[in-house]
Amino acid sequence: MDLSDSTLLDIHRRMVRIRTFETEAGKLAEAGKIPGALHLYVGQEAIAAGVMSQLSNQDWITSTHRGHGHLIAKGGEFGPMFAELYGRATGYCKGKGGSMHISNMDLGMLGANGIVGAGPPIAVGAAFTLKYRESDNVTVTFFGDGASNEGSFHEAANMASLYKLPLLFVCENNGYGEYTPQESHQAILDVADRASGYGMPGVVVDGMDAIAVYESVHAAIARAKSGSGPTLLECKTYRFFDHVGVRGMGLAYRTDEELAEWQKRDPIHMFEARLQELGVLSADQAKAIHEEILSAVQRGIEFAESSPMPDPATLLEDVYA
């Protein structure tokens, strides 16, 4: 598939926006400025960018506890994002969602979720709505290798396939279910193998390659819109920071050598090198984009830090539909 220069640059910008936001958020968390747990998306940017570059605000997604990257890639603004992490009234959820429960209906983001495997059933409901309304839109649900063990994933996969719903199951397989390596919690090598039990295609994708992700998602969207039903995409990826925060809880479950090998395949570095080879983006232009986005992120932090805390009187507002 030949992608236009504008599409390639759009994917690149989405990736850099995620990386810059997450890196700065990690620094804030380490400094104790952001309360609660923070699950960073650094290393997995090619997946969110490759998917979201093909979706509109009328296409819906469900996310995970590691969900900042999904909302940013779907058009989330830095100010309300940081304000939500800070628990401020100007956040996307008015400070009530925090890191693991950010949502924005205007962008089609039905919510991150702190419960492992909670997104797929919600996505089934959203996809059923789209089919019932005879919409041309799709729903995408993100989850990890650990969540693919949950009954909620299997029930969702079964129903989505049975009713041929316009739904993409995107497994972001970073090799670990929290601190447990995949080989210690699954007897299979590829999560995509589970698709055959539900009569849908299962595709293994290099999750560090934004173009590979884009192409696989493009085919899955076409299948969904044709009425042929869902697809399970397993994107093999890696998180560069710990399960929680930057250094996590100090548990020794990964080796420095393993991390170094994966960092050699940094999705942004590889993509920028490819764009330079194609003559789409020079090193100077890439540097300028990074600096521009860093400035925007810093303004987002200033916005959050100058925003008010929520009024306790609003505690029960927006809780029930």
Side-chain angles (χ1 to χ4, degrees), residues 15 17-49 51-52 61-74 76 78 80-87 91-93 95-104 109-120 122 141-150 152-153 170-182 185 207-208 235 237-251 253-254 259 262-263 267 297 300-301 304:
M15 293 171 71
R17 291 183 80 248
I18 297 169
R19 173 69 60 87
T20 308
F21 177 93
E22 294 287 72
T23 300
E24 295 305 306
K27 294 176 183 177
L28 294 168
E30 292 292 294
K33 292 187 175 182
I34 292 178
L38 195 72
H39 302 79
L40 300 172
Y41 197 75
V42 174
Q44 303 182 190
E45 296 90 349
I47 304 172
V51 174
M52 248 61 82
I61 68 169
T62 64
S63 183
T64 70
H65 58 281
R66 200 176 307 282
H68 311 153
H70 301 142
L71 182 52
I72 291 171
K74 206 160 193 308
F78 296 139
M81 285 286 292
F82 275 115
E84 190 61 37
L85 298 189
Y86 272 81
Y92 270 123
C93 299
K96 299 175 183 178
S99 172
M100 288 189 281
H101 298 95
I102 290 177
S103 63
N104 185 272
M109 167 62 148
L110 300 181
N113 208 306
I115 301 173
V116 175
I122 298 171
T141 182
F142 294 91
F143 56 96
D145 51 298
S148 74
N149 297 333
E150 299 287 340
S152 55
F153 160 74
V170 178
C171 178
E172 297 179 305
N173 185 355
N174 58 33
Y176 290 88
E178 195 175 37
Y179 301 102
T180 305
Q182 184 185 356
H185 69 77
M208 309 302 272
C235 300
T237 186
Y238 198 81
R239 48 177 164 81
F240 290 174
F241 291 149
D242 215 327
H243 171 64
V244 179
V246 176
R247 290 184 292 270
M249 299 171 64
L251 300 178
Y253 66 101
R254 303 191 300 183
L259 176 59
W262 276 97
Q263 287 178 328
V297 165
I301 295 171

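Counting begins at 1 with the first residue of the sequence.
Of the possible polar contacts, none joining the S99 side chain to the L38 backbone as a donor-acceptor pair under 3.5 Å is found.
Taking 4.5 Å as the limit, every side-chain heavy atom of V51 sits out of range of all side-chain heavy atoms of H70. Using a 4.5 Å heavy-atom threshold, the side chains of E178 and Y253 count as separate. For the pair D242 and Y179, the minimum side-chain heavy-atom distance is below 4.5 Å. Counting heavy atoms from C-beta outward, M52 and I61 have side chains that approach closer than 4.5 Å. You'll find the side chain of V42 reaches within 4.5 Å of the side chain of R19, heavy atoms only. Annotation: side chain of F143 is not in contact with side chain of T62 (no heavy-atom distance under 4.5 Å). Taking 4.5 Å as the limit, every side-chain heavy atom of E45 sits out of range of all side-chain heavy atoms of E22. Using a 4.5 Å heavy-atom cutoff, the side chains of N113 and F142 are not in contact.
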Residues L85, H68; criterion side-chain contact (heavy atoms from CB on, under 4.5 Å); working and verdict: CA-CA 10 Å; L85 298 189; H68 311 153; 3.7 Å; yes

Chi angles and distances behind the side-chain contact (heavy atoms from CB on, under 4.5 Å) call for R66, E172: CA-CA 10 Å; R66 200 176 307 282; E172 297 179 305; over 6 Å; no

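Within the model, atoms CD1 of I102 and CD1 of I72 stand 8.0 Å from one another, a figure rounded to the nearest 0.5 Å. The OG1 atom of T23 lies 11.0 Å from the CG atom of L28; values are rounded to the nearest 0.5 Å.
Between Y238 and Y176, the two ring planes are perpendicular [angle over 60°; tilted spans 30° to 60°]. Classified by interplanar angle (parallel below 30°, tilted 30° to 60°, perpendicular above 60°), the ring pair H39/H243 is perpendicular.
Counting non-hydrogen atoms of other residues, nucleotides and ligands closer than 6.0 Å to CG of L259 gives a total above 12.
A donor atom on one side chain and an acceptor atom on the other are not found under 3.5 Å apart for Y41 and N174.
Ion pairing between K27 and E30 fails under the 4.0 Å rule for side-chain N and carboxylate O.
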